[in-house]
Novice: 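Next up is a structure, given as structure tokens.
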Amino acid sequence: MAFTLFQSTLLSKPSLFSYRRSFAFCIQLSSFSTSSAFPSDKFQPNKKWRQPVASVLELGGVKIAKDEIVRDDPTNNVPDSIFSKLGMQLHRRDQHPLGIMKNAIYDYFDTNYPNKFDKFDDLCPIVSTIANFDDVLVPTDHVSRSYNDTYYVDSETVLRCHTSAHQAELLRGGHTHFLVTGDVYRRDSIDSTHYPVFHQMEGVRVFTPADWEASGTDATSYAAEDLKKCLEGLARHLFGGVEMRWIDTYFPFTNPSFELEIYFQDDWLEVLGCGVMEQEILKRSGRVDNVAWAFGLGLERLAMVLFDIPDIRLFWSNDERFTSQFSKGQLGIKFKPFSKYPPCYKDMSFWISDSFTENNLCEVVRGIAGDLVEEVKLIDNFTNKKGMTSHCYRITYRSTERSLTDEEINDLQWRVREQVETKLLVVLR
């Protein structure tokens with residue numbers, strides 16, 4: 001399910017798709033609806049200041065041109081920097097920490113549920129808004145649907161926010177036990193644990209009346225007990241003999257809903273969200289007599305803990321000093337920092353407009369500085385007697401691979417200031 005979508009939003013803070021020829025392989029055109037409303041909080045892209053990237057990528061054996069994903073169109077907010085991540089599929093690299101995490105979870109399910117769970121890790125990340133939101137009962141007014149939080153290709157097509165976007169299609173296709181792993185995309189803040197592209201795994205198991213009727217318990221209780229047993233075993237497989245606790249919570253797509261926490265390295269760590277699937281989801285998939293459980297977890301979150309990786313940007317590094325430290329099948333090898341390059345801090349103050357959002361600011365900074373920016377943090381704000389509000393942000397520049405020169409940092413900051421003022425309609429102070 002879309003558990004991590006709701007964990008991140010609750011705990012932190014017009015026509016049919018016009019590119020059918022290229023995307024028909026990964027989007028069910030029959031699921032489109034002309035009734036979808038596109039959020040009004042638009043942030044207009046402008047290609048002239050974006051970093052150059054490859055003009056064509058290949059997904060599922062089909063070539064997709066950049067101008068089919070990145071377009072100067074009011075219903076599109078996908079920047080070049082995000083297009084460049086499509087097709088990278090870090091989770092499919094066996095010697096990468098994320099691939100190692102995925103395979104470790106696969107090993108658990110293969111051992112405890114042999115030949116039971118179907119595995120999908122190459123599903124196209126370009127999906128319809130119906131698959132991404134409606135099929136998993138995301139409320140129509142939920143913040144995750146906004147233009148500020150989600151990357152829209154057009155008004156009815158997005159880069160998936162979670163692997164749950166494939167759940168309904170798989171259920172309708174007859175799959176009853178499956179794991180879906182993939183890259184997901186969300187507009188987000190900039191710091192050591194947040195990145196606009198990350199990786200999730202979702203698991204689903206469907207039961208029939210024959211499964212629970214002999215148990216003497218009702219269907220929901222049976223599924224919940226089986227779910228907890230399965231995930232407690234997974235936690236022990238990954239973290240060893242740790243103390244665990246279950247926290248009751250709320251998700252719109254499961255009832256009851258839970259979070260699993262483990263006591264690890266002298267602190268309670270949230271591992272995943274899960275629950276018994278809402279019957280409406282099963283009903284829509286033609287499974288009126290079934291009950292099911294589902295869980296969702298973030299691979300980066302777990303890998304950062306198990307491998308001691310301090311900065312989420314490192315997962316995208318091609319530096320051999322990083323990549324050479326990990327080997328296929330070796331879970332939990334501790335990352336050895338190869339250097340800590342000095343940071344450079346630049347502050348920027350401006351009067352905000354009514355349409356200003358921090359996510360839009362972070363998109364501008366990322367679009368110019370890419371992975372050279374480590375953090376964007378609000379350090380001061382006030383409102384004057386005229387009702388004007390000022391924000392001061394501290395931008396931390398630091399490469400994970402080399403020292404940055406004063407000249408290039410000053411150039412980056414100058415371009416950031418210029419684009420923040422023109423794109424976000426703020427007044428610099």
Side-chain angles (χ1 to χ4, degrees), residues 1-6 27-33 105-106 108-110 112-120 123 127-140 142 160 162-182 200-234 246 248-260 272-297:
M1 302 301 294
F3 299 100
T4 53
L5 170 64
F6 276 78
I27 299 179
Q28 286 192 337
L29 298 177
S30 61
S31 67
F32 290 156
S33 167
I105 298 172
Y106 279 2
Y108 170 76
F109 281 93
D110 287 343
N112 293 274
Y113 306 89
N115 301 315
K116 203 76 165 172
F117 280 80
D118 299 322
K119 305 179 186 70
F120 302 90
L123 299 178
V127 301
S128 71
T129 54
I130 290 177
N132 197 71
F133 299 120
D134 300 327
D135 282 348
V136 288
L137 309 184
V138 176
T140 56
H142 192 267
R160 65 185 172 208
H162 43 231
T163 47
S164 305
H166 307 285
Q167 182 186 103
E169 179 184 1
L170 292 173
L171 287 170
R172 288 193 297 264
H175 298 281
T176 60
H177 299 66
F178 55 87
L179 302 171
V180 179
T181 312
Q200 289 184 346
M201 179 183 291
E202 164 167 343
V204 170
R205 185 179 188 184
V206 179
F207 301 93
T208 65
D211 293 318
W212 69 78
E213 286 176 348
S215 69
T217 61
D218 63 273
T220 299
S221 299
Y222 180 87
E225 182 179 349
D226 186 88
L227 169 68
K228 291 183 176 182
K229 179 181 178 181
C230 171
L231 296 181
E232 287 174 358
L234 175 60
W246 289 97
D248 292 335
T249 189
Y250 165 79
F251 300 114
F253 27 73
T254 53
N255 184 26
S257 303
F258 315 101
E259 290 173 352
L260 175 61
L272 51 80
C274 60
V276 179
M277 192 180 297
E278 282 284 2
Q279 286 301 115
E280 178 63 23
I281 296 176
L282 291 167
K283 180 180 177 181
R284 293 181 183 183
S285 301
R287 298 183 174 277
V288 295
D289 297 324
N290 297 114
V291 68
W293 57 243
F295 73 84
L297 56 82

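The basis for the numbers below is simple: all heavy atoms, side chains too, and nothing from hydrogens, waters or symmetry mates.
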Novice: Examine distances only and state if a side-chain atom of Ser221 and a backbone atom of Asp218 form a donor-acceptor pair shorter than 3.5 Å.
Specialist: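 Checked: no pair found.
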
Novice: As an exercise, state the distance from CG of Leu179 to OH of Tyr108, rounded to the nearest 0.5 Å.
Specialist: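 Between Leu179 CG and Tyr108 OH, I get 11.0 Å after rounding to 0.5 Å.
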
Novice: CG/Asp110 to CG/Asn115 distance, rounded to the nearest 0.5 angstrom?
Specialist: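 The CG atom of Asp110 sits 8.0 Å away from the CG atom of Asn115.
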
Novice: Spell out, as yes or no, whether a donor-acceptor pair under 3.5 Å connects the side chain of Ser285 to the backbone of Arg287.
Specialist: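 Checking the backbone N and O of Arg287 against the side chain of Ser285, no donor-acceptor pair under 3.5 Å is found.
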
Novice: Any side-chain donor paired with an acceptor under 3.5 Å for Thr129 and Asn132?
Specialist: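 Asn132 and Thr129 do not have a side-chain donor-acceptor pair below 3.5 Å.
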
Novice: Quick check: does any side chain N or O of Ser164 sit under 3.5 Å from a backbone N or O of Gln167, one acting as donor and the other as acceptor?
Specialist: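 Checked: no pair found.
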
Novice: Roughly how far apart are Phe253 CZ and Leu137 CG, rounded to 0.5 Å?
Specialist: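 Rounded to the nearest 0.5 Å, the CZ-CG separation comes out at 9.0 Å.
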
Novice: Side chains of Leu123 and Glu169, heavy atoms from C-beta outward: is any pair under 4.5 Å?
Specialist: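 No, every pair of side-chain atoms sits at 4.5 Å or beyond.
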
Novice: What are the two closest heavy atoms between Phe109 and Cys230, and how far apart are they?
Specialist: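 Smallest interatomic distance, heavy atoms only, reads CE2-SG, 3.7 Å.
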
Novice: Sub-3.5 Å donor-acceptor pair from the side chain of Asp211 to the main-chain atoms of Thr208, do we have one?
Specialist: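 Judged by distance alone, yes, a pair lies under 3.5 Å.
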
Novice: What residues form a side-chain contact (heavy atoms from CB on, under 4.5 Å) with His175, not counting sequence neighbours?
Specialist: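 His175 satisfies side-chain contact (heavy atoms from CB on, under 4.5 Å) with Asp118, Phe120, Leu170, Phe178 only.
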
Novice: Does a side-chain heavy-atom distance below 4.5 Å link Lys119 with Tyr106?
Specialist: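 Sidechains of Tyr106 and Lys119: in contact.
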
Novice: On a heavy-atom basis, which atom in Arg160 and which in Ala165 lie closest, and how many Å separate them?
Specialist: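 Here Arg160 and Ala165 meet closest at CB-CB, 4.1 Å.
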
Novice: My understanding is that only residues two or more places apart in sequence, or in another chain, count here; which of them pass side-chain contact (heavy atoms from CB on, under 4.5 Å) with Lys229?
Specialist: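 Checked Lys229 against side-chain contact (heavy atoms from CB on, under 4.5 Å); zero matches.
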
Novice: Could you state the interatomic distance from CZ (Phe207) to CH2 (Trp212), rounded to the nearest 0.5 Å?
Specialist: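 Going from CZ on Phe207 over to CH2 on Trp212, the span is 9.5 Å.
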
Novice: Quick check for you: to the nearest 0.5 Å, what is the distance between Met201 atom CE and Ile105 atom CD1?
Specialist: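 Going from CE on Met201 over to CD1 on Ile105, the span is 4.0 Å.
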
Novice: Tell me the closest heavy-atom pair linking Val206 and His177, and the distance in Å.
Specialist: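 Closest heavy-atom pair between Val206 and His177: O-CE1, 3.8 Å.
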
Novice: Drop me the distance from Arg205's CZ to Thr176's OG1, to the nearest 0.5 angstrom.
Specialist: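 Going from the CZ atom of Arg205 to the OG1 atom of Thr176 covers 9.0 Å.
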
Novice: Shortest non-hydrogen contact from Val204 to Ala294?
Specialist: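 Nearest heavy atoms, Val204 then Ala294: CG2-CB, 4.0 Å.
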
Novice: Taking side chain as C-beta onward, heavy atoms only, is Phe295 less than 4.5 Å from Leu260?
Specialist: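 Heavy-atom side-chain distance check fails, nothing below 4.5 Å.
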
Novice: Which heavy atom of Leu282 sits nearest to which heavy atom of Asn290, and what is that distance?
Specialist: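 Shortest heavy-atom contact: CD1-O, 3.5 Å.
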
Novice: Just wondering, do Leu231 and Phe258 contact through their side chains at under 4.5 Å, heavy atoms?
Specialist: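 The answer is no, as the side chains (C-beta and beyond) never meet within the 4.5 Å cut-off.
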
Novice: I'd like to check the salt bridge (Lys or Arg N to Asp or Glu O under 4.0 Å) partners of Lys116; sequence neighbours left out, ordered by chain and number.
Specialist: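 Lys116: no salt bridge (Lys or Arg N to Asp or Glu O under 4.0 Å) contacts found.
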
Novice: Would you mind reporting whether Ile130 and Asp135 have side-chain heavy atoms less than 4.5 Å apart?
Specialist: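 A side-chain contact under 4.5 Å exists here.
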
Novice: For a 4.5 angstrom cut-off between non-hydrogen side-chain atoms, does Leu171 reach Met277?
Specialist: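 Sidechains of Met277 and Leu171: in contact.
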
Novice: Is any side-chain heavy atom of Gln279 closer than 4.5 Å to a side-chain heavy atom of Val291?
Specialist: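 In short, these two side chains touch, coming nearer than 4.5 Å.
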
Novice: Side chains of Pro256 and Thr220: closer than 4.5 Å at any heavy-atom pair?
Specialist: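 Yes, their side chains come closer than 4.5 Å.
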
Novice: Could you report the tightest heavy-atom contact between Thr254 and Cys274, atom names first, then the distance?
Specialist: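 That closest heavy-atom pairing would be OG1-O, 4.1 Å.
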
